[in-house]
Amino acid sequence: MFGHITIQNLNDYFKKLDERESAGVFFYRINGYTEEIAGFIRSYYEAARKCGVIIEGKLRNPDEKNLAYYQEIMGPAFQLSPAFIEAGLKKWLPRMNAHQRENVALSLYDALFLMQKEGKTEHMLKNAYIKCMCWLYYRFERIVNQLGENNVPKILYEGTVSQYELMILSILSNAGCDVVLLQYAGDAGYLKLDGLSLHSIELKLPGMQAFPQGFSLKQIQAEVQNAANRERMYGQRSKRLNCTNAWIEGSGLPDIQKDILKRGEDPKFYYNCFIRINGAEDKTTYANELYRFYLNLKNSGRQIVIVNESLGRPAMEEIAAVRRHHYTKSDQLIMDLSSNISFAQQPELQRMMVRAFVDVMLMEADEKEQAQLNLNRLTNQAVYVLCWLKRYQGRLFAGWKESDISCFIYLGGCKDENEALFLSLLARLPADVLILCPKGSGNCCLEDRLLYDIHKEQSLDLKMFPQEQTDVMIGTAAYHAERELDTLMYQDSGIYREKQYEKAQTVILQTMYEEIGILWKEEIKYRPSFSTVEDEVHIPVIFAKVSGVKDGLVPQYWRSIKELVTEDTFVIKSAPFIEPTAPNPMRSYAAEFYKNGRLAKDKIKSHPSYPYGFLREEIQDYILDKLKLLMEQKVIRGTFENGAEYTTIATVLNLPKEIVRLIQKFDFTKKNPKLIYIHTTEQIISLEDSILTAFLNRVGFDVVFFVPTGYQNVEKHFNRKLMEEHQIGEYMYDLHVPNLESSLFKTRISWRDKLFKRGK
């Protein structure tokens with residue numbers, strides 16, 4: 001027979017027989033609760049379910065049918081001897097081997113012999129024998145042929161054990177079975193039967209308390225069943241799991257830029273980031289920092305998706321494409337809706353998507369269960385998440401390989417729990433998820449245990465992520481700290497060959513009015529935030545509106561404008577410059593050039609009426625790229641709403657010859673071309689003029705509007721504020737624009753200018 005041994009820790013229960021310090025078994029009773037004990041009971045329950053017996057409540061006494069069957073097979077004979085008992089076991093439980101029969105027979109004999117010594121009659125001994133034999137057959141038959149095996153069978157008993165129950169449990173324990181008594185009412189009842197704890201050992205651990213209200217094996221069984229049901233929801237499991245943020249240094253953008261192959265080596269995991277950055281470390285360089293970050297990601301060949309301010313509600317067509325039914329349970333809902341996930345070209349990635357969807361929806365359902373679960377609302381949330389997943393999965397995982405980690409950037413923060421759920425899902429896929437909240441914390445409702453938060457001290461209002469072209473305003477040093485102006489204006493200069501770069505992106509400088517004259521004639525490479533990254537130039541440009549006349553001095557006003565006129569300056573003296581009714585040969589073709597949400601650049605270049613075929617190829621591509629960007633950013637009011645995109649195409653493809661020549665001449669590292677637009681009347685500026693100026697800003701022109709009247713002009717046709725407006729003096733009307741290009745144009749020099757030798 002097997003002796004009872006003590007445990008060093010609860011996990012000893014799960015050791016095989018040959019792994020234990022001595023070939024013994026465990027028989028413990030548990031009278032109190034800790035989290036460790038709760039975890040052990042769940043694991044032991046699962047082990048007993050697979051290889052053992054679970055007893056909830058009492059062992060039922062044999063009924064008349066049980067006893068009749070016993071009498072039919074075994075007859076009425078009884079002898080208190082090991083040989084008789086062993087012979088009976090061989091006939092009654094034929095699956096037991098000789099060693100198992102011997103151990104059970106000896107253990108049962110010892111128990112009956114002890115009863116005899118206590119004065120029990122032979123009739124009582126016979127009844128106890130028959131009861132034990134019936135229990136062995138009807139309740140423990142599944143384990144009697146495993147007694148003493150290396151994989152030790154388990155018995156889990158819940159409740160207060162009786163004398164005969166303790167007897168049969170001890171018999172099985174002595175024959176090679178582990179036993180746990182789970183006693184919610186404490187040890188008092190047990191000690192009445194075994195006051196010296198000869199049959200079992202009381203478990204004593206630090207911090208044990210009374211069992212929580214409602215704790216039971218039924219509860220554990222429900223949890224196990226629930227876990228099994230949920231496991232079925234996942235279908236075939238993905239081979240790889242996400243290792244999110246565990247490897248990062250906490251630096252933010254540098255973590256996301258870290259080489260994918262250097263993040264970790266365990267092939268079971270893919271290593272991704274889930275980071276939210278609140279605020280900005282330095283608002284004067286924030287946009288430039290993001291732009292460099294974007295270019296580095298792009299040049300590394302990673303798939304990137306950028307969303308500004310909102311994911312946008314799914315369209316009716318997207319929602320209608322999600323198959324769904326009526327649901328009565330959340331598990332049913334999640335399992336059925338997960339069947340909408342499809343990524344046939346990469347089955348392993350599809351399994352990851354299903355797992356991520358099930359994970360986040362289960363978390364959401366469990367959280368709502370705490371309050372009141374609304375299945376209709378949960379269904380709507382799941383449908384939104386599935387719509388967004390289908391919308392972005394192609395762009396995020398195009399040509400996906402197991403070594404790839406894409407990047408999803410969301411500027412502005414999650415506005416509602418639907419967006420938060422979707423980003424939580426993405427963070428469990430092979431993708432870095434970056435949430436930028438430059439205004440500071442409190443602008444994103446997402447909460448997730450995987451999310452890593454970074455907080456910066458400064459804040460700014462940034463609407464667009466600086467991608468190929470940005471609408472953000474980068475303040476000069478003078479704008480934030482005037483004394484640092486000169487230093488920052490002329491830093492990071494370099495020497496570049498003629499036409500070294502063929503691509504450029506622009507960012508708008510936010511300046512003081514006095515800086516316009518200073519920056520106007522400077523080479524671009526000396527301006528703040530100028531940079532070169534790979535094969536592109538980062539061009540800081542001026543885009544401003546000057547309202548009023550300084551001190552009401554008209555001659556000096558015109559002279560200040562004349563001083564801005566260079567050989568590369570195009571001057572517009574009256575509005576509108578392009579009349580809406582003016583002939584435009586490209587207007588009739590515009591609809592052909594934009595179809596299915598994309599600009600057909602090749603079709604434009606091959607069209608017989610295409611006007612720029614004489615330009616260098618890279619200049620043609622540059623013009624068309626900026627046209628595409630202007631439309632994608634919806635700068636012009638009415639784009640993709642009332643056909644303004646077609647007016648945009650027609651206007652850009654019919655630029656004045658002088659402007660085309662300025663673009664052709666433009667060297668991205670030297671002085672940039674200029675546009676001065678003087679608007680002195682109440683005449684409304686045309687949509688075409690607004691398109692022209694916005695386009696030239698993106699090409700790299702400095703653009704300044706002089707509006708002495710202070711009236712609204714170009715901004716009427718913009719979807720958002722693009723220009724910095726400077727109020728320099730009183731409004732004046734009906735001014736006549738002199739010939740600014742003429743060298744004969746002069747103004748009277750004031751005595752102050754003469755005195756300080758500032759005249760010309």
Side-chain angles (χ1 to χ4, degrees), residues 468-471 473 503-509 511 516 519-521 524 527 537-546 561 564-578 584 586 611-612 615 618-637 639 644-645 647-668 670-679 685-707 713-724:
E468 293 185 36
Q469 160 72 35
T470 179
D471 292 318
M473 305 280 188
K503 298 179 182 179
Q505 312 298 334
T506 61
V507 62
I508 301 168
L509 283 170
T511 70
I516 293 176
L519 294 170
W520 191 262
K521 297 180 182 179
I524 292 173
R527 290 184 177 181
V537 184
H538 187 192
I539 302 176
V541 297
I542 297 168
F543 196 22
K545 175 182 176 182
V546 180
I561 297 175
L564 299 179
V565 179
T566 68
E567 62 178 13
D568 294 327
T569 302
F570 190 85
V571 181
I572 297 174
K573 298 181 181 179
S574 61
F577 173 64
I578 303 175
N584 185 333
M586 303 307 296
Y612 304 141
L615 297 175
E618 62 268 19
I619 295 297
Q620 295 182 51
D621 291 336
Y622 187 66
I623 290 173
L624 295 179
D625 286 343
K626 298 310 176 186
L627 168 60
K628 176 174 177 284
L629 188 62
L630 185 64
M631 292 191 297
E632 287 178 347
Q633 292 185 333
K634 300 181 182 179
V635 171
I636 303 301
R637 187 167 295 164
T639 300
E645 63 271 21
T647 305
T648 301
I649 293 171
T651 301
V652 171
L653 293 181
N654 191 44
L655 296 174
K657 177 175 62 176
E658 296 84 357
I659 288 179
V660 174
R661 288 177 175 176
L662 289 174
I663 297 174
Q664 165 83 359
K665 178 183 176 183
F666 185 20
D667 187 331
F668 298 146
K670 294 182 171 56
K671 291 183 179 181
N672 59 329
K674 326 286 184 183
L675 174 69
I676 295 176
Y677 197 125
I678 304 171
H679 189 193
I685 195 169
S686 67
L687 171 63
E688 288 79 1
D689 283 4
S690 298
I691 292 169
L692 173 67
T693 55
F695 170 75
L696 293 181
N697 163 254
R698 278 146 183 76
V699 167
F701 279 57
D702 286 334
V703 179
V704 178
F705 286 83
F706 286 95
V707 188
N713 60 352
V714 69
E715 59 265 42
K716 176 181 177 182
H717 297 293
F718 289 162
N719 263 327
R720 53 188 177 274
K721 181 181 177 182
L722 297 178
M723 303 179 298
E724 181 72 15

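Starting from 1, each residue takes its place in the sequence as its number.
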Would a 4.5 Å heavy-atom cut-off, applied to side chains only, mark [X] and [Y] as touching?
X    : Y    : answer
V507 : H538 : yes
T506 : F543 : no
N672 : K674 : yes
D625 : L629 : no
L692 : I659 : yes
I623 : V699 : no
I508 : E724 : no

**Prompt:** Are T569 and T566 close enough that a side-chain donor and a side-chain acceptor fall under 3.5 Å?
**Reply:** yes

**N713 and Y677: side chain donor to acceptor below 3.5 Å** = no

Which atom pair, heavy atoms only, marks the closest approach of [X] to [Y]?
X    : Y    : result
R527 : L509 : CD-CD1, 4.2 Å
I578 : D689 : N-OD1, 2.8 Å
F695 : L630 : CB-CD2, 4.0 Å

**Request:** Pick out which of R637, K545, K721 makes a salt bridge (charged side-chain N to carboxylate O under 4.0 Å, His left out) with E715.
**Result:** K545

**Request:** Using a strict 4.0 Å threshold on nitrogen-to-oxygen distance, state whether K665 and D568 make a salt bridge.
**Result:** yes

**Item:** Proximity of Y622 and F666 rings by center, below 6.0 Å
**Value:** no

**Fill in**
One should read off an interatomic distance between I663 CD1 and Y612 OH, to the nearest 0.5 angstrom, of 7.0 Å

